[in-house]
Protein chains: 2
Amino acid sequence: MPSNRSVRLSDIAAIAGVSISTASKALNGGDRISAETRARVREVAERLDFQPNALARSFALGRSRTIGILTYRATSTFAGPVLIGAVLQLGELQQASLVFDEDLLVPRQMTKSIRALQARRIDGLLVVGDGHERVSHSVTHHFGVPVTYAFAASDHPEDVVYLPDNEGAGRLATRHLVEVGATRIAHITGSRDSIAARLRERGMRAELEAAGLKQAGETRHGSWSHDWGAAAMSEMLDSGVEIDAVFCGNDHIGLGVLEVCAVRGLRVPGDIAVVGVDNWEGVVLDQGIRRLTTVDLELQRLGRLAAADVLAPERAPGEHLVAPTLVLGPSS
Amino acid sequence: MPSNRSVRLSDIAAIAGVSISTASKALNGGDRISAETRARVREVAERLDFQPNALARSFALGRSRTIGILTYRATSTFAGPVLIGAVLQLGELQQASLVFDEDLLVPRQMTKSIRALQARRIDGLLVVGDGHERVSHSVTHHFGVPVTYAFAASDHPEDVVYLPDNEGAGRLATRHLVEVGATRIAHITGSRDSIAARLRERGMRAELEAAGLKQAGETRHGSWSHDWGAAAMSEMLDSGVEIDAVFCGNDHIGLGVLEVCAVRGLRVPGDIAVVGVDNWEGVVLDQGIRRLTTVDLELQRLGRLAAADVLAPERAPGEHLVAPTLVLGPSS
DNA sequence: CTGAAAGCGCTTACAG
DNA sequence: CTGAAAGCGCTTACAG
């Protein structure tokens with residue numbers, strides 16, 4: 001029963017026999033107050049289950065405890081986890097989220113969203129993008145409150161930006177393959193134009209070099225699909241390149257590679273070890289059974305970190321890369 | 001530039017040469033006011049880009065324009081889209097979301113979340129569950145504001161509940177198969193204990209009956225996996241049951257079925273038409289190319305509808321089923 | 001139709 | 001250490 005619907009600070013003060021200002025200080029921990037007064041007020045507040053009216057508090061302090069979230073395609077496969085991580089993190093920090101899904105490149109829409117967010121007196125703003133491939137116009141200068149970019153590259157170098165560490169993902173996958181004994185590692189990946197693909201490849205190269213290894217064959221660029229993975233793997237095997245592992249640019253490609261291995265009677269990981277990227281649940285798990293070793297870019301955690309950053313007392317400008325994790329499966 | 005940071009209603013009033021109360025009435029559309037006064041005030045407000053302080057407004061009206069969201073496993077595959085739909089819908093309605101992810105069955109956690117939400121003076125509450133299989137304890141009586149349940153069965157019959165129409169999904173899939181000419185429709189699905197599985201099957205039965213058809217063979221219950229789909233399909237074909245279509249309880253099963261068809265040289269949909277359920281992007285799409293006809297339970301829309309319901313002036317108690325949609329692919 | 005005044009429930013200098 | 005008072009910026013009866 002919500003019996004405390006209307007317990008006010010003034011009630012607490014009256015019962016404790018102090019003024020409202022003293023009661024306020026007692027509860028909020030100011031310093032010029034006697035220990036016994038504080039204890040008495042707190043005891044009364046506790047007993048009456050006092051919950052300070054958040055509306056009045058916000059009004060008095062000028063802080064809304066609401067963070068704006070400006071999203072571009074919130075429903076896309078990869079932006080979804082970022083958004084969910086953000087709203088969960090904000091909730092844990094007792095902050096509400098005011099979410100607008102807009103295309104940051106359309107000035108008209110932006111203006112409308114920006115005005116609405118300003119009117120709501122948000123305490124900070126989180127911009128959630130749709131990955132590496134798209135640069136967002138910086139909106140930081142429109143706001144007098146902290147702005148953080150998550151999963152979005154901003155065009156302003158002083159902005160605080162959180163991105164997945166795609167290069168780190170390539171390093172992590174490759175180091176793992178080296179550690180399980182692979183020495184002839186091939187690479188099949190997505191579009192040549194993709195920034196993420198390039199970064200993952202670069203990470204692989206760095207790690208190969210560190211291990212004193214050479215890449216097996218040339219990188220095969222194509223699409224991010226199962227069919228491309230299968231086609232490229234077939235070609236590669238037919239070409240006679242000797243390989244004992246494949247680092248795949250994403251999970252779909254990885255599954256295509258696995259399929260070709262199965263058809264050709266190659267044992268995985270005995271003959272060929274395979275690692276993907278994304279840890280995309282629907283792709284990589286079949287009713288809880290994992291089919292592929294993969295690298296998780298930790299997008300939900302990225303959302304959480306970026307959201308917490310908006311409220312952090314100290315914020316460092318520039319890019320923050322979120323460390324990926326390796327998820328072991330039967331393919332390595 | 002946020003030059004309007006401190007334009008207040010009193011500024012507008014002063015410039016327009018009216019009192020604050022008159023200015024307020026002019027902007028908020030009260031009736032006892034002259035047309036010219038209203039026009040003049042509005043013109044001034046427009047010119048100065050006046051944005052009423054949402055904090056003051058909330059305080060005066062006692063409405064926070066914030067909706068609480070109580071989630072159980074917000075990050076699960078199916079609850080995610082519901083949550084995203086909800087926060088996007090609320091944003092469009094200018095409502096902030098205060099999200100707590102808690103297990104509704106753990107009283108301790110609940111109590112804490114409920115108190116925090118009450119303290120924030122939320123205007124309404126949305127409970128987001130994790131599907132049909134789990135019944136949530138009703139929390140409605142803890143709140144003096146509207147409570148709606150999304151993707152969650154409540155144990156109180158008067159609660160307002162939004163659920164996917166699993167029976168409708170079974171009907172929709174079956175009707176489609178009938179319409180494309182199937183007459184011997186088999187059913188492979190998940191666990192016998194699953195409520196969703198039972199409802200989908202019931203929908204199929206109803207539609208078969210309506211079409212004057214009999215199900216081909218018995219329903220095969222197993223897991224929701226690709227491997228089960230393949231195994232069950234193989235068995236079924238070996239058993240000699242004549243079939244020209246399979247209604248699959250989910251997409252993974254559907255893909256398993258497709259795989260067996262491919263191996264056995266059965267043309268899809270020429271020899272056998274296949275329909276799944278879920279429209280799970282990673283499963284059913286390969287880089288934009290669809291592999292399966294499926295039924296989409298419209299979970300994101302469910303989240304939107306439930307969120308809008310919290311704020312609706314009239315709310316109908318009981319279950320609201322959200323209509324599924326058919327998504328055509330190459331398998332039917 | 002218009003405006004003076006009270007009220008929403010806190011916080012925070014400031015005087016005592 | 002404590003309390004009276006002003007202030008946060010709106011809305012809303014109510015008197016005129």
Side-chain angles (χ1 to χ4, degrees), chain A residues 2 4-42 44-45 48-66 94 118-123 144-145, chain B residues 2 4-42 44-45 48-66 94 118-123 144-145:
Chain A
N4 63 318
R5 183 52 39 82
S6 47
V7 177
R8 285 172 301 245
L9 183 57
S10 58
D11 299 326
I12 305 300
I15 295 175
V18 297
S19 70
I20 293 180
S21 31
T22 298
S24 174
K25 207 182 305 180
L27 295 175
N28 295 322
D31 54 348
R32 309 199 159 244
I33 189 168
S34 76
E36 46 197 333
T37 303
R38 164 165 315 174
R40 184 153 35 92
V41 172
R42 292 205 167 166
V44 173
L48 299 201
D49 191 24
F50 171 62
Q51 317 239 35
N53 183 323
L55 269 33
R57 198 157 214 274
S58 277
F59 177 49
L61 294 173
R63 297 199 293 102
S64 59
R65 294 214 283 166
T66 297
Q94 307 280 333
Q118 288 169 342
R120 279 294 287 263
R121 304 309 203 252
I122 54 169
D123 293 338
V145 295
Chain B
N4 63 316
R5 183 52 40 80
S6 48
V7 177
R8 285 172 302 245
L9 183 57
S10 58
D11 299 326
I12 304 300
I15 295 175
V18 298
S19 71
I20 293 178
S21 31
T22 298
S24 175
K25 205 181 307 180
L27 296 176
N28 294 323
D31 54 348
R32 311 204 156 242
I33 191 171
S34 76
E36 47 197 333
T37 304
R38 163 165 316 176
R40 182 152 37 91
V41 172
R42 293 205 164 165
V44 173
L48 298 202
D49 192 25
F50 170 63
Q51 317 238 36
N53 183 326
L55 269 34
R57 200 157 213 275
S58 277
F59 178 50
L61 294 173
R63 297 200 293 103
S64 59
R65 295 214 283 168
T66 298
Q94 307 280 332
Q118 287 169 344
R120 280 294 288 262
R121 304 307 202 255
I122 54 169
D123 293 339
V145 295

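Each chain gets a letter, A, B and so on, in the order the sequences are listed, and its residues count up from 1.
For B/R120 and C/dG9, the CZ to C1' distance is 16 Å, given to the nearest whole Å. Going from atom CG of B/L55 over to atom C1' of D/dC10 covers 11 Å, rounded to whole Å. Distance B/I33 CD1 to D/dT11 P: 12 Å, rounded to the nearest Å. At whole-Å resolution of the value, CG in A/L9 and P in C/dC8 are 14 Å apart. The separation between B/R8 atom CZ and D/dC10 atom C1' is 12 Å, rounded to whole Å. Atom CZ in A/R38 sits roughly 9 Å away from atom P in D/dC1 (whole-Å rounding). Here the P atom of nucleotide C/dT11 and the CZ atom of B/F59 are 11 Å apart, to the nearest Å. Taking atom CD of residue B/E36 and atom P of nucleotide C/dT2, one finds them 8 Å apart after rounding to whole Å.
Two residues, B/G17 and B/A60, neighbour DNA chain C, and the one matched to the more 5' nucleotide by heavy-atom proximity is B/G17. With DNA chain C read from its 5' end, the first of the two nearest nucleotides for A/P52 and B/A35 is the one closest to B/A35.
Residues satisfying the side chain to side chain contact (heavy atoms under 4.5 Å, CB included) criterion with A/S21, sequence neighbours excluded, are A/S19. In this structure, the side chain to side chain contact (heavy atoms under 4.5 Å, CB included) partners of A/A56, at least two apart in sequence or on a different chain, are A/N53, B/F59. When the side chain to side chain donor-acceptor pair (under 3.5 Å) test is applied to A/S58, no partner is found at least two apart in sequence or on another chain. Residues meeting the side chain to side chain contact (heavy atoms under 4.5 Å, CB included) test with A/A23, sequence neighbours left out: A/L9, A/A13, A/V18, A/V41.
Between B/T22 and B/I33 the shortest side-chain heavy-atom distance falls below 4.5 Å. Taking 4.5 Å as the limit, some side-chain heavy atom of B/L27 sits within range of a side-chain heavy atom of B/R42. Taking the side chain as every heavy atom from C-beta outward, B/Q51 and A/R120 never approach each other to under 4.5 Å.
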Each nucleotide N or O in nucleotides 12-15 of chain C that has a protein N or O under 3.5 Å away: list the pair and distance.
none

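Of the candidate nucleotides C/dC1, C/dG3, D/dG7, C/dC1 has the atom nearest to the side chain of B/T37. When distances are taken from the side chain of B/N53 to each of C/dG9, D/dG9, D/dC1, the shortest belongs to D/dG9. Of the candidate nucleotides D/dG9, D/dT2, C/dT2, D/dT2 has the atom nearest to the side chain of A/S34.
Within the 4.0 Å cut-off from OP1 or OP2 of C/dT11, at least one side-chain nitrogen or oxygen of A/R57 is found.
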Task: Chi angles and distances behind the side chain to side chain contact (heavy atoms under 4.5 Å, CB included) call for B/V145, B/D123 - done: CA-CA 6 Å; B/V145 295; B/D123 293 339; 5.5 Å; no

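A/L48 CG to A/D11 CG: the interatomic distance, rounded to the nearest 0.5 Å, is 7.5 Å.
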TODO: Any chance you could encode DNA chain C as dot-bracket? Rule is Watson-Crick or G-U wobble with both distances under 3.5 Å; [ ] for pairs crossing earlier ones, | for another strand.
DONE: |||.||||||||.|||

